[in-house]
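Note that ligands are numbered from 1 as they come in the structure, with each ligand's atoms numbered from 1 the same way. Any value given below was found using the heavy atoms of this structure, including those in side chains, with hydrogens, waters and symmetry copies removed. Keep in mind that what you see is a predicted model, and the values were worked out from it rather than measured.
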Amino acid sequence: MGTVEAATKQAIESTLAQKKPKVVFVLGGPGSGKGTQCANIVEHFGYTHLSAGDLLRAEIKSGSENGTMIQNMIKEGKIVPSEVTIKLLEKAILENENDKFLIDGFPRNEENRAAFEAVTGISPEFVLFFDCPEEEMEKRLLGRNQGREDDNIDTIRKRFKVFLESSLPVIEYYNSKGKVRKIDAAKPVGEVFEAVKALFTPVDEKAAA
Ligand code: UDP
Ligand code: MG
């Protein structure tokens with residue numbers, strides 16, 4: 001690493017450490033409803049939504065030097081190298097005045113998780129886990145038509161495999177730390193949000209209600 005690069009890295013770390021943002025990781029298989037429910041949480045609870053997948057797709061569109069590599073990995077359902085995704089997340093957190101963030105679709109494997117904690121010093125307040133059967137997720141992905149190159153049956157099968165093999169262990173790790181709040185995500189959107197709302201409403205407000 002060059003001197004300038006090292007200095008920049010240090011500057012990012014110190015500002016993030018000063019900022020001490022509150023982070024909730026939103027995890028679940030592809031098509032489990034993370035993006036939909038994050039939009040609801042933003043509206044009701046004042047968080048800023050950062051979708052790791054959306055940040056990566058924006059990076060492809062921006063014509064960055066990593067664009068082609070990212071595009072190829074997404075097409076194959078593979079996990080983009082941690083340093084790329086973490087840099088995008090750090091930048092997004094620092095550019096935003098808010099101090100409460102929903103990080104959706106990240107960390108996707110143990111390496112993502114460990115690298116994020118090591119680089120940013122941030123550990124999540126809790127992990128919101130959308131639990132959904134594969135057949136329901138498959139139905140949603142094939143029906144949603146958002147023009148995504150990875151919403152075809154071949155890539156969907158690969159994404160499911162990566163989720164089971166690499167992402168579930170992250171949820172298990174946080175579960176062992178007592179940090180996972182699990183939601184039954186197979187229900188209709190409104191019902192799922194009722195369950196989500198209960199998890200985000202502070203205990204004192206619930207008592208007053
Ligand atoms: N992706 C990644 N790292 C991340 C988030 C996303 O590599 O932290 C890639 C990965 O290839 C994934 C794709 O982006 O399959 C789409 O992710 P997104 O979260 O948008 O969709 P999901 O699979 O959760 O529906
Ligand atoms: Mg998404």
Side-chain angles (χ1 to χ4, degrees), residues 23-42 47-62 64 66-93 101-120 122 124 127-171 173-174 183 185-186 189 192 196:
V23 164
V24 173
F25 287 145
V26 182
L27 301 176
S32 60
K34 303 182 293 290
T36 304
Q37 296 297 337
C38 280
N40 288 335
I41 299 166
V42 165
Y47 280 76
T48 292
H49 175 208
L50 299 179
S51 155
D54 286 352
L55 290 171
L56 290 167
R57 283 182 285 273
E59 189 68 2
I60 299 172
K61 278 211 188 110
S62 78
S64 105
N66 282 324
T68 313
M69 178 272 290
I70 297 172
Q71 189 169 24
N72 288 332
M73 302 212 67
I74 289 182
K75 237 188 267 172
E76 287 302 311
K78 290 183 180 153
I79 298 167
V80 172
S82 294
E83 52 182 280
V84 173
T85 316
I86 291 171
K87 240 180 237 162
L88 294 171
L89 287 168
E90 281 182 325
K91 190 161 169 281
I93 291 172
F101 295 88
L102 300 169
I103 298 189
D104 151 13
F106 178 95
R108 273 180 136 79
N109 61 16
E110 274 292 294
E111 204 263 324
N112 272 179
R113 179 195 65 72
F116 183 82
E117 295 211 10
V119 171
T120 66
I122 298 170
V127 174
L128 187 60
F129 169 40
F130 289 114
D131 191 22
C132 194
E134 224 172 82
E135 59 201 57
E136 174 64 21
M137 296 195 285
E138 184 179 298
K139 200 172 77 191
R140 293 178 186 174
L141 293 172
L142 290 173
R144 73 181 178 184
N145 248 322
Q146 294 176 339
R148 274 176 53 169
E149 273 190 299
D150 57 348
D151 282 349
N152 59 78
I153 193 64
D154 280 356
T155 311
I156 288 169
R157 297 250 153 89
K158 289 176 185 162
R159 286 156 71 198
F160 284 158
K161 189 163 184 284
V162 169
F163 177 71
L164 286 178
E165 287 174 0
S166 304
S167 310
L168 269 182
V170 175
I171 293 158
Y173 168 86
Y174 284 120
I183 298 277
V189 176
V192 174
V196 169

Peer 1: If you count every heavy atom of other residues, nucleotides or ligands that lies below 6.0 Å from Lys78 atom NZ, does the total exceed 12?
Peer 2: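 Counting other residues, nucleotides and ligands, NZ of Lys78 stays at 12 neighbours or fewer.
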
Peer 1: N/O of Asp54 under 3.5 Å from N/O of ligand 1, yes or no?
Peer 2: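 No, Asp54 has no N/O under 3.5 Å of an N/O on ligand 1.
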
Peer 1: Could you find the nearest protein heavy atom to atom 20 (O) of ligand 1 and give me its residue, atom name and distance?
Peer 2: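 Answer, as residue, atom name and distance: Arg57 NH2, 2.8 Å.
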
Peer 1: Any idea which protein heavy atom is nearest atom 25 (O) of ligand 1, and the distance to it?
Peer 2: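 Checking every protein heavy atom, the shortest distance to atom 25 (O) of ligand 1 gives Arg159 NH2, 3.1 Å.
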
Peer 1: Which of the atoms in ligand 1, numbered in the order shown and given with their element, are less than 4.0 Å from a heavy-atom of Gly31?
Peer 2: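 Counting from 1, the qualifying ligand atoms are 25 (O).
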
Peer 1: What protein heavy atom lies closest to atom 21 (O) of ligand 1? Include the residue and the distance to one decimal.
Peer 2: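 Nearest protein contact, heavy atoms only, for atom 21 (O) of ligand 1 is Arg148 NH2, 3.1 Å.
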
Peer 1: What protein heavy atom lies closest to atom 24 (O) of ligand 1? Include the residue and the distance to one decimal.
Peer 2: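 Looking only at protein heavy atoms, the one closest to atom 24 (O) of ligand 1 is Lys34 NZ, 2.6 Å.
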
Peer 1: Counting from 1, what ligand 1 atoms have a heavy atom of Gly105 closer than 4.0 Å?
Peer 2: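 Going through ligand 1 atom by atom, the ones under 4.0 Å from Gly105 are 4 (C), 5 (C), 8 (O).
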
Peer 1: So which heavy atom in the protein is nearest atom 1 (N) of ligand 1, and how far is it from that ligand atom?
Peer 2: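 Protein heavy atom at minimum distance: Leu56 CD1, 3.4 Å.
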
Peer 1: Looking at ligand 1, does any of its N/O atoms fall within less than 3.5 Å of an N/O of Asn112?
Peer 2: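 No, no N or O pair falls under 3.5 Å.
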
Peer 1: How far is atom 9 (C) of ligand 1 from its nearest protein heavy atom, and which residue and atom name does that atom have?
Peer 2: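 Of every protein heavy atom, Ile74 CG1, 3.8 Å lies nearest to atom 9 (C) of ligand 1.
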
Peer 1: Is it true that Asp150 and Lys75 have a side-chain N and a carboxylate O under 4.0 angstrom from each other?
Peer 2: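 Between Lys75 and Asp150 there is no salt bridge, as every charged N stays at least 4.0 Å from the carboxylate O atoms.
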
Peer 1: Should we say atom CD of Glu110 is surrounded by more than 12 heavy atoms from elsewhere, each under 6.0 Å from it?
Peer 2: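 More than 12 within 6.0 Å, yes.
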
Peer 1: Determine, for Lys87 against Glu90, whether the closest basic-nitrogen to carboxylate-oxygen distance falls under 4.0 angstrom.
Peer 2: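 The answer is no: the pair does not qualify as a salt bridge.
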
Peer 1: If you measure from each non-hydrogen atom of Val162 to ligand 1, which part falls under 4.0 Å: side chain, backbone, both or neither?
Peer 2: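 Near ligand 1, Val162 shows nothing, with every heavy atom at 4.0 Å or more.
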
Peer 1: Does ligand 1 come near enough to Asp150 that some N or O of the ligand is less than 3.5 Å from an N or O of the residue?
Peer 2: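 N/O-N/O distance under 3.5 Å: no.
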
Peer 1: Go through it in stages, so that I can follow the logic: the residues are Phe116 and Phe25, the test is ring-ring contact (aromatic ring centres under 6.0 Å, His included), and I'd like the CA-CA distance, side-chain angles, deciding distance and then a yes or no.
Peer 2: CA-CA 12 Å; Phe116 183 82; Phe25 287 145; 5.7 Å; yes

Peer 1: Any heavy-atom pair between the side chains of Leu164 and Glu134 that's under 4.5 Å?
Peer 2: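 They are in side-chain contact.
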
Peer 1: Closer than 4.0 angstrom, basic N to acidic O: yes or no for Glu135 and Lys139?
Peer 2: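 Answer for the salt bridge query: no.
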
Peer 1: For ligand 1, find out whether one of its N or O atoms is nearer than 3.5 Å to an N or O atom of Val80.
Peer 2: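 Yes, since at least one N or O of Val80 sits under 3.5 Å from an N or O of ligand 1.
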
Peer 1: At a 4.0 Å cut-off, with the gap strictly under it, does some heavy atom of Glu76 reach an atom of ligand 1?
Peer 2: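 False for this residue.
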
Peer 1: Check this for me - ligand 1, Asp104, N or O atoms closer than 3.5 angstrom, yes or no?
Peer 2: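 There is no such contact.
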
Peer 1: Taking atom 17 (O) of ligand 1 as the point of reference, which of Lys75, Arg108, Lys78, Arg144 owns the nearest heavy atom?
Peer 2: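 The nearest heavy atom belongs to Arg108.
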
Peer 1: Do Thr68 and Asn72 have side chains that get closer than 4.5 Å, going by heavy atoms?
Peer 2: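 Answer yes - side chains close enough.
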
